[in-house]
Asks: 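Take a look at the following structure, please.
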Amino acid sequence: MVFWRGTSPLILASQSSARKMLLANAGLEFEAVTADIDERGIQAASELSNPREIGLLLAREKAKAVSVHRPGSHVIGADQTLALGDRLFNKPAGRTQALAQLRDLAGHSHELNSAVAVAHDGKIVFEDVSVARMTMRQMSEAELSAYLDAAGNAVTTSVGAYQLEGLGIHLFERIEGDHFTILGLPLLPLLAFLRNEQLIAV
Ligand SMILES: Nc1nc2c(ncn2[C@@H]2O[C@H](COP(=O)(O)OP(=O)(O)OP(=O)(O)O)[C@@H](O)[C@H]2O)c(=O)[nH]1
């Protein structure tokens, strides 16, 4: 049992089912609030091209956007970017885009940058970004289509069109990085921060 010692509830500024699952499985009780920000607009206006910096910027903006309306609460924001060389990928809109993305990723290594930020009264009090390197095996058109047939619409909910803890594992020949980073939330540094602030006690 994890004890929350904060005086106000913990908030996760996310609608990501994976992020909610990771926090809940770690024993944390929290309220999930969607961060209503224009991610692509903020990214474009920043003129940033570094995937790590883009992830941190969006994680901060999500956390702050919710924090300003929830005084006293610690608000967690997160964002994940996928980079293949200097190309950035976003969540595919549907099967066609998922197939196109997977064709480009197959046979190559890409990087997932998962950023997390914590805001309190509108100010960032913690941030971290962790990276995972994913090597996807070479796959034929028939193999990619069979994967998409089996994985279904879930592929549109993740930036790489895969759920590693599910059928996505079949796409890879090598994975370097921690499981939580891959699923989109660098949990170890986040928990270390909450523990150091005496906001959680296990
Ligand atoms: N279940 C699962 N989800 C993954 C995996 N890899 C990436 N994701 C999800 O892909 C999404 C990355 O897109 P983001 O823009 O960072 O987040 P989002 O889904 O829009 O959710 P918000 O936090 O509300 O912005 C996140 O929800 C990640 O949890 C994976 O292997 N498994």
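Note that ligands are numbered from 1 as they come in the structure, with each ligand's atoms numbered from 1 the same way. Throughout, numbering of the chain's residues begins at 1 and tracks the sequence.
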Asks: Just let me know how Met21 lines up against ligand 1, side chain, backbone, both or neither, with a heavy-atom cut-off below 4.0 Å.
Replies: neither
Asks: Please list the nearest protein heavy atom to atom 15 (O) of ligand 1 with its residue and the distance rounded to 0.1 Å.
Replies: Asp79 OD1, 3.5 Å
Asks: Look only at the side chain of Gln80 and the backbone of Thr181, and say whether a donor-acceptor pair between them is shorter than 3.5 Å.
Replies: yes
Asks: Does Asp149 CG have over 12 foreign heavy atoms under 6.0 Å away?
Replies: yes
Asks: Judged by atom type as modelled, is there a donor-acceptor pair below 3.5 Å linking the side chain of Ser145 to the main-chain atoms of Ala142?
Replies: no
Asks: For atom 17 (O) of ligand 1, which of Gln80, Gln15, Arg19 has the closest heavy atom?
Replies: Arg19
Asks: Any N or O on Gln163 sitting closer than 3.5 Å to an N or O of ligand 1?
Replies: no
Asks: Are Ile124 and Val118 packed together at the side-chain level, in the sense that at least one heavy-atom pair is separated by less than 4.5 angstrom?
Replies: no
Asks: Pick out which of Glu143, His170, Glu173 makes a side-chain hydrogen bond (donor to acceptor under 3.5 Å, both in side chains) with Arg137.
Replies: Glu143
Asks: For ligand 1, which atoms, with element, lie under 4.0 Å from some heavy atom of Glu39?
Replies: 15 (O), 25 (O)
Asks: Charged N to carboxylate O below 4.0 Å: is that the case for Arg60 and Asp79?
Replies: no
Asks: Go through ligand 1 atom by atom and flag the ones less than 4.0 Å from a non-hydrogen atom of Tyr162.
Replies: 5 (C), 30 (C), 31 (O)
Asks: In ligand 1, which numbered atoms sit nearer than 4.0 Å to a non-hydrogen atom of Ala18?
Replies: 1 (N), 2 (C), 3 (N), 29 (O)
Asks: Geometry only, no angles: is Ser158 polar-contacting ligand 1 at N/O separations under 3.5 Å?
Replies: no
Asks: Within the 4.0 Å heavy-atom shell around Leu164, which atoms of ligand 1 are there?
Replies: 30 (C), 31 (O), 32 (N)
Asks: Report, in ascending order of atom number, the atoms of ligand 1 lying under 4.0 Å from any heavy atom of Val159.
Replies: 10 (O)
Asks: Write out the residue and atom name of the closest protein heavy atom to atom 18 (P) of ligand 1, then the distance separating them to 0.1 Å.
Replies: Lys91 NZ, 3.4 Å
Asks: Determine whether a donor-acceptor pair (N or O, by modelled atom type, separation under 3.5 Å) exists between the side chain of Lys62 and the backbone of Ala78.
Replies: yes
Asks: Is it the case that ligand 1 has an N or O less than 3.5 angstrom from some N or O of Leu183?
Replies: yes
Asks: Establish, yes or no, whether a centroid distance under 6.0 Å links the rings of Tyr147 and Tyr162.
Replies: no
Asks: Would you tell me whether Ser130 and Asp128 have side-chain atoms, one donor and one acceptor, within less than 3.5 Å of each other?
Replies: yes
Asks: Of all the atoms in ligand 1, which lie at a distance below 4.0 Å from a heavy atom belonging to Lys62?
Replies: 22 (P), 23 (O), 25 (O)
Asks: Which residue supplies the protein heavy atom nearest to atom 32 (N) of ligand 1, what is that atom called, and how far is it?
Replies: Glu165 OE1, 2.8 Å
Asks: Go through ligand 1 atom by atom and flag the ones less than 4.0 Å from a non-hydrogen atom of Ser14.
Replies: 21 (O), 22 (P), 23 (O), 24 (O)
Asks: Side chains of Val33 and Gln15: closer than 4.5 Å at any heavy-atom pair?
Replies: no
Asks: Is there a side-chain contact between Val75 and Lys64 in this structure, where contact means two heavy atoms from C-beta onward sitting under 4.5 Å apart?
Replies: no
Asks: Could you identify the single nearest non-hydrogen protein atom to atom 27 (O) of ligand 1 and state the distance to 0.1 Å?
Replies: Ser16 OG, 2.8 Å
Asks: Any idea which atoms of ligand 1 are less than 4.0 Å away from a heavy-atom of Ile182?
Replies: 5 (C), 6 (N), 7 (C)
Asks: Heavy-atom distances under 4.0 Å decide this one: backbone, side chain, both or neither, for Thr157 against ligand 1?
Replies: backbone
